[in-house]
Participant: 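Okay, handing you the structure first.
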Amino acid sequence: MAETDTSPFYITTAINYPNGRPHIGHAYEGISADVIARFWRLRGRRVRFQTGTDEHGLKMARKAEEQGRTPRELADEMSGYFREMDERLNISFDRFIRTVEPDHHRASQAIWKRMEEAGDLYLDRYEGWYSVRDEAYYDESELKEGEGGAKLSPQDTPVEWTVEESWFFRLSKYEEPLLDLLKTPGFLEPASRRNEMIAFVEGGLRDLSVSRTSFDWGVKVPAEDGTETGHVMYVWVDALTNYLTGLGFPDDTAEMRDFWPASMHLIGKDIVRFHTIYWPAFLMSANLPVPKAVFGHGFLLNRGQKESKSLGNVTDPLMLADKFGVENLRYFLMREVAFGQDGSYSPEAIVNRANAELANSFGNLAQRTLSMIAKNMDGVIEDFEPAEPDTALLNVVRPACAVELPQEFEKLAFSVGIEAWIKAVYACNQYVDEQAPWGLKKTDPERMKVVLQTIFLCLRDLAIAIQPVVPEKAAALLDQLGVPAAERNFANLDDTQWFARLVQSGFTVAKPTPIFPRLEMPEDDAKGGAA
């Protein structure tokens with residue numbers, strides 16, 4: 001393996017807008033970010049991982065009004081659902097931030113003051129098209145025509161003509177620096193998103209309305225004397241600042257010094273403009289470093305269709321987790337979808353993938369190997385000398401786990417990295433079938449021990465490598481293998497003495513507990529019902 005990178009790593013998801021309960025897209029982003037965070041922790045980096053909810057804006061205010069309650073009451077309830085989702089899906093965040101928290105209001109007002117001191121804010125009158133659903137302003141040239149001549153945003157959401165006094169941010173001033181940033185290798189991936197944003201900036205930037213007076217559910221715009229101005233910040237100024245709030249901004253904290261600029265903002269492709277044009281411009285204005293990287297992932301489609309309330313196909317991710325298991329769901333999403341592109345899921349696809357690869361291949365490999373060691377060797381492991389077929393297998397499994405999977409995960413090519421891993425699992429199963437240890441028990445018991453212990457070595461490597469994706473199941477297998485908790489990092493894959501130490505410790509293999517039982521298709525899904 002290459003020399004270990006121990007530098008701090010700060011990853012964030014977009015904070016979720018909680019005007020409704022979580023859907024599968026929210027879960028997909030959270031799980032993806034969690035896999036990245038866990039991967040880099042296992043590579044020896046000090047990781048900070050932040051997620052949360054974005055609770056201000058006109059959309060929340062209107063939703064609460066429809067329901068006859070306050071925006072804060074709606075925000076408290078809905079934010080709770082998102083936190084529950086993260087906890088149930090084993091998403092290992094360091095901070096779950098809510099934009100209603102006092103430290104976030106303080107941070108948002110601090111960045112506002114910095115932009116004001118830079119001369120980048122001025123008061124004027126806003127007249128233009130606004131999408132409440134997107135919380136975004138659109139130029140006339142960007143709009144589409146909907147049914148009955150109605151105007152729609154590029155995201156097909158309704159827009160309304162808005163006229164009010166507003167503070168404006170001099171976005172046009174940052175056209176050239178933003179173009180340079182967008183053309184910086186690695187800043188915005190995938191390339192399709194980068195090219196789209198470059199074209200947008202090259203088309204010319206207009207100054208951005210960054211405050212509202214028609215409602216008051218948001219962070220108050222501060223006056224120079226500390227009083228309120230009657231304006232609330234445009235929700236994206238407030239929302240984007242969360243990435244700084246979580247590190248203690250505006251204070252000079254150890255977290256700010258260590259983790260800013262962010263290593264990666266992981267976001268959906270529909271909000272790339274806000275994170276790669278507006279956000280860097282705000283940071284430049286405030287004299288703060290811009291993020292190192294932004295990745296705009298694709299959408300997750302339900303049987304090939306985008307989920308929407310009107311189609312009635314919105315999926316509760318916790319329902320999927322309850323039906324199929326959290327770790328089966330995590331594995332499916334990382335294995336099935338080429339990261340950065342749109343992907344599709346269905347109950348049948350989840351069951352088929354989990355059974356073929358986790359239950360029948362990896363889980364069965366572990367179960368039958370450990371069962372035979374427990375039964376035929378009384379669970380006792382011992383030093384052994386591998387023969388040519390054994391060495392050949394180890395030379396397939398070790399590079400797949402220690403080199404190929406990590407290299408692909410570094411590039412966010414999760415499905416490619418897992419493909420290398422599952423090929424190693426298949427090689428192990430082929431080796432077991434060819435060596436037939438069940439027959440060797442009578443004809444050559446010493447050879448049987450070598451075969452079973454060769455697979456024992458492979459199972460340890462396979463379990464370490466797949467930990468970011470299925471952390472609980474991998475940990476359960478490593479427990480059954482007797483691998484100490486402190487020896488489960490990627491660097492430990494290079495440790496050639498671990499098995500000798502395990503033998504010397506007197507560890508014995510107990511009758512195993514199945515790691516990945518086979519799934520059955522729930523009856524309603526087997527009949528074609530919605531997930």
Participant: Can you run down the ring-ring contact (aromatic ring centres under 6.0 Å, His included) pairs that involve residues 350-396, sequence neighbours left out, and say none if there aren't any?
Facilitator: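 Residue pairs with at least one partner in residues 350-396: Phe362-Trp421, Phe384-Phe499.
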Participant: Which pairs of donor and acceptor atoms, one on a side chain in residues 274-283, lie under 3.5 Å apart (sequence neighbours left out)?
Facilitator:
unit_1 : atom_1 : unit_2 : atom_2 : d
His275 : ND1    : Ile271 : O      : 3.1
His275 : NE2    : Tyr243 : OH     : 2.7
Thr276 : OG1    : Val272 : O      : 2.8
Trp279 : NE1    : His265 : NE2    : 3.2

Participant: Set out, in order, the CA-CA distance, both residues' side-chain angles and the distance that settles salt bridge (charged side-chain N to carboxylate O under 4.0 Å, His left out) for Arg98 and Glu101, then state yes or no.
Facilitator: CA-CA 6 Å; Arg98 295 186 59 192; Glu101 294 167 355; 5.4 Å; no
Participant: Could you check whether Asp34 and Ser92, counting side-chain N and O atoms only, form a donor-acceptor pair closer than 3.5 Å?
Facilitator: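 Judged by distance alone, the side chains do pair up.
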Participant: Which atom pair, heavy atoms only, marks the closest approach of Pro291 to Phe187?
Facilitator: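 Shortest heavy-atom contact: O-CE1, 3.4 Å.
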Participant: Under the side-chain contact (heavy atoms from CB on, under 4.5 Å) rule, what do Tyr431 and Thr454 come out as? Steps first, then yes or no, please.
Facilitator: CA-CA 10 Å; Tyr431 165 89; Thr454 297; 3.5 Å; yes
Participant: Verify, without hydrogens or angle tests, whether Gln453 (side chain) and Glu382 (backbone) share a donor-acceptor contact under 3.5 angstrom.
Facilitator: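 Side chain of Gln453 to backbone of Glu382: a pair is present.
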Participant: Whether the Asp390 and Gln435 side chains hold a donor-acceptor pair (N or O, under 3.5 Å, no angle test) is what I'd like checked.
Facilitator: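 The answer is no; no qualifying pair exists.
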Participant: For Leu42, does its backbone N or O pair with a side-chain atom of Gln467 as donor and acceptor, under 3.5 Å?
Facilitator: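 No; judged by distance alone, with no hydrogens or angles, the pair does not exist.
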Participant: Between Glu357 and Arg335, does a side-chain contact (heavy atoms from CB on, under 4.5 Å) hold up when you go through it step by step?
Facilitator: CA-CA 10 Å; Glu357 298 185 359; Arg335 171 75 167 112; 2.8 Å; yes
Participant: Is it true that a side-chain atom of Trp260 and a backbone atom of Leu247 form a donor plus acceptor pair closer than 3.5 Å?
Facilitator: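 Checked: no pair found.
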Participant: Might you work through the side-chain contact (heavy atoms from CB on, under 4.5 Å) test for Arg330 and Asn90, ending with a clear yes or no?
Facilitator: CA-CA 10 Å; Arg330 288 173 61 107; Asn90 202 7; 4.2 Å; yes
Participant: Decide side-chain contact (heavy atoms from CB on, under 4.5 Å) for Arg38 and Val47; before the verdict, give the C-alpha distance in whole Å, the side-chain angles of both, and the deciding distance to 0.1 Å.
Facilitator: CA-CA 8 Å; Arg38 289 178 184 274; Val47 172; over 6 Å; no
Participant: Could you walk me through whether Glu29 and Lys269 satisfy the salt bridge (charged side-chain N to carboxylate O under 4.0 Å, His left out) test, starting with their C-alpha distance in whole Å, then the side-chain angles of each, then the deciding distance to 0.1 Å, before giving a yes or no?
Facilitator: CA-CA 11 Å; Glu29 182 168 297; Lys269 64 180 182 180; over 6 Å; no
Participant: Taking the side chain as every heavy atom from C-beta outward, state whether Met264 and Thr12 have any atom pair closer than 4.5 Å.
Facilitator: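 SC-SC contact between Met264 and Thr12 ruled out.
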Participant: Distance-only criterion, 3.5 Å: show the donor-acceptor pairs between side-chain atoms of residues 191-199 and protein atoms not counting sequence neighbours.
Facilitator:
unit_1 : atom_1 : unit_2 : atom_2 : d
Arg193 : NE     : Gly296 : O      : 2.7
Arg193 : NH2    : Gly296 : O      : 3.1
Arg193 : NH2    : Gly340 : O      : 2.5
Arg194 : NH1    : Leu188 : O      : 2.7
Arg194 : NH1    : Glu189 : OE1    : 3.4
Arg194 : NH1    : Glu189 : OE2    : 3.1
Asn195 : ND2    : Ala191 : O      : 3.3

Participant: Rounded to the nearest 0.5 Å, how far apart are CD1 of Ile267 and CD1 of Ile15?
Facilitator: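 Those atoms lie 12.5 Å apart.
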Participant: Does any non-hydrogen side-chain atom of Met78 lie less than 4.5 Å from one of Asn19?
Facilitator: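 No. Closest side-chain heavy atoms not under 4.5 Å.
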Participant: Would you indicate whether the side-chain heavy atoms of Val432 and Leu365 approach each other to under 4.5 Å?
Facilitator: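 Leu365 vs Val432: side chains touch.
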Participant: Excluding sequence neighbours, so at least two apart, what forms ring pair (Phe, Tyr, Trp, His ring centres under 6.0 Å) with Phe9?
Facilitator: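 Checked Phe9 against ring pair (Phe, Tyr, Trp, His ring centres under 6.0 Å); matches are Trp40.
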Participant: When rounded to the nearest 0.5 angstrom, what distance separates CZ in Arg41 from CZ in Arg46?
Facilitator: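 Spacing of CZ (Arg41) from CZ (Arg46) equals 12.5 Å.
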Participant: Starting from the C-alpha separation in whole Å, work towards a yes-or-no answer on side-chain hydrogen bond (donor to acceptor under 3.5 Å, both in side chains) for Arg368 and Asn429.
Facilitator: CA-CA 10 Å; Arg368 61 178 175 167; Asn429 280 299; 3.2 Å; yes
Participant: Would you check if Phe249 and Leu288 make a side-chain contact, meaning some heavy-atom pair closer than 4.5 Å?
Facilitator: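 Yes - at least one pair of side-chain heavy atoms lies under 4.5 Å apart.
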Participant: Near Glu385 CD, under 6.0 Å, is it more than 12 heavy atoms from other residues, nucleotides or ligands?
Facilitator: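 At most 12 heavy atoms, drawn from other residues, nucleotides or ligands, come within 6.0 Å of this atom.
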Participant: When rounded to the nearest 0.5 angstrom, what distance separates CD1 in Ile515 from CG in Leu477?
Facilitator: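 One finds 5.0 Å between CD1 of Ile515 and CG of Leu477.
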Participant: So do the side chains of Gln50 and Asn242 get within less than 4.5 Å of each other, counting heavy atoms only?
Facilitator: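 Yes - at least one pair of side-chain heavy atoms lies under 4.5 Å apart.
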Participant: Which value, rounded to the nearest 0.5 Å, describes the distance between Phe299 atom CZ and Asp342 atom CG?
Facilitator: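 Separation between the atoms: 7.0 Å.
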Participant: Heavy-atom distance under 4.5 Å between the side chains of Leu394 and Cys458, does that happen here?
Facilitator: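 A side-chain contact exists here, since the closest heavy-atom pair is under 4.5 Å.
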Participant: Given the rule in the ring pair (Phe, Tyr, Trp, His ring centres under 6.0 Å) test, do Phe409 and Phe39 qualify, once you have shown the distances and angles that lead to the verdict?
Facilitator: CA-CA 8 Å; Phe409 274 38; Phe39 170 72; 5.7 Å; yes
Participant: Provide the full list of side-chain hydrogen bond (donor to acceptor under 3.5 Å, both in side chains) pairs with a residue in residues 501-512, sequence neighbours left out, each pair given once.
Facilitator: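 Residue pairs with at least one partner in residues 501-512: Glu487-Arg501, Asp495-Arg501.
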Participant: Let me see the working for Arg95 and Asp103 under salt bridge (charged side-chain N to carboxylate O under 4.0 Å, His left out), right down to the final yes or no.
Facilitator: CA-CA 13 Å; Arg95 170 140 185 208; Asp103 66 337; 3.0 Å; yes
Participant: Can you measure from NZ (Lys449) to CZ (Arg447) and round to the nearest 0.5 angstrom?
Facilitator: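 It comes to 13.5 Å.
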Participant: Name the one of Val396, Ile464, Asp461 that satisfies side chain to side chain contact (heavy atoms under 4.5 Å, CB included) with Cys401?
Facilitator: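 Of Val396, Ile464, Asp461, side chain to side chain contact (heavy atoms under 4.5 Å, CB included) with Cys401 is met by Asp461 alone.
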Participant: Which pair of heavy atoms, one from Leu405 and one from Gly417, lies closest together, and at what distance?
Facilitator: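 Looks like CD1-O, 3.7 Å.
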Participant: Taking the six-membered ring for Trp, are Phe414 and Phe339 parallel (under 30°), tilted (30 to 60°) or perpendicular (over 60°)?
Facilitator: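 Plane angle over 60°, so perpendicular.
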Participant: If I compare all heavy atoms of Pro468 with all of Phe490, which pair ends up nearest, and what's the gap?
Facilitator: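 Taking Pro468 first and Phe490 second, the nearest heavy atoms are CG-CE1, 4.4 Å.
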Participant: Checking side-chain polar atoms at under 3.5 Å, does Arg460 have a donor or acceptor matched by the opposite partner on Asn492?
Facilitator: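 Side chains of Arg460 and Asn492: no pair found under 3.5 Å.
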Participant: Compute whether any side-chain donor of one residue and acceptor of the other, for Arg43 and Thr6, lie under 3.5 angstrom apart.
Facilitator: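 Not at all, the side chains of Arg43 and Thr6 share no donor-acceptor pair under 3.5 Å.
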Participant: For a quick test of reading the model, state the closest non-hydrogen atom pair linking Gly30 to Ile91 and the distance between them.
Facilitator: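 The pair with the smallest heavy-atom distance is C-CD1, 3.6 Å.
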Participant: By salt bridge (Lys or Arg N to Asp or Glu O under 4.0 Å), which residues pair with Asp156, not counting sequence neighbours?
Facilitator: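 Partners of Asp156 by the salt bridge (Lys or Arg N to Asp or Glu O under 4.0 Å) criterion, ordered by chain and then number, come out as Lys144.
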Participant: Would you check if Asp270 and Gln155 make a side-chain contact, meaning some heavy-atom pair closer than 4.5 Å?
Facilitator: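 Result yes, sub-4.5 Å side-chain heavy-atom pair found.
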Participant: Classify the side-chain pair Arg21/Tyr81 by whether it contains a donor and acceptor separated by less than 3.5 Å.
Facilitator: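 Indeed, the side chains of Arg21 and Tyr81 share at least one donor-acceptor pair under 3.5 Å.
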Participant: On a heavy-atom basis, which atom in Asn360 and which in Ala356 lie closest, and how many Å separate them?
Facilitator: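 Nearest heavy atoms, Asn360 then Ala356: CB-O, 3.8 Å.
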Participant: What heavy-atom pair brings Met372 and Pro437 nearest, and what distance separates the two atoms?
Facilitator: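 In terms of heavy atoms, the two residues are closest at CE-CG, 3.8 Å.
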Participant: Enter the distance from Asn355:CG to Glu520:CD here, rounded to the nearest 0.5 Å.
Facilitator: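 Between atom CG of Asn355 and atom CD of Glu520 there are 7.0 Å.
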Participant: Got Met85 and Pro317 here, is their nearest side-chain heavy-atom distance under 4.5 Å?
Facilitator: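 SC-SC contact between Met85 and Pro317 confirmed.
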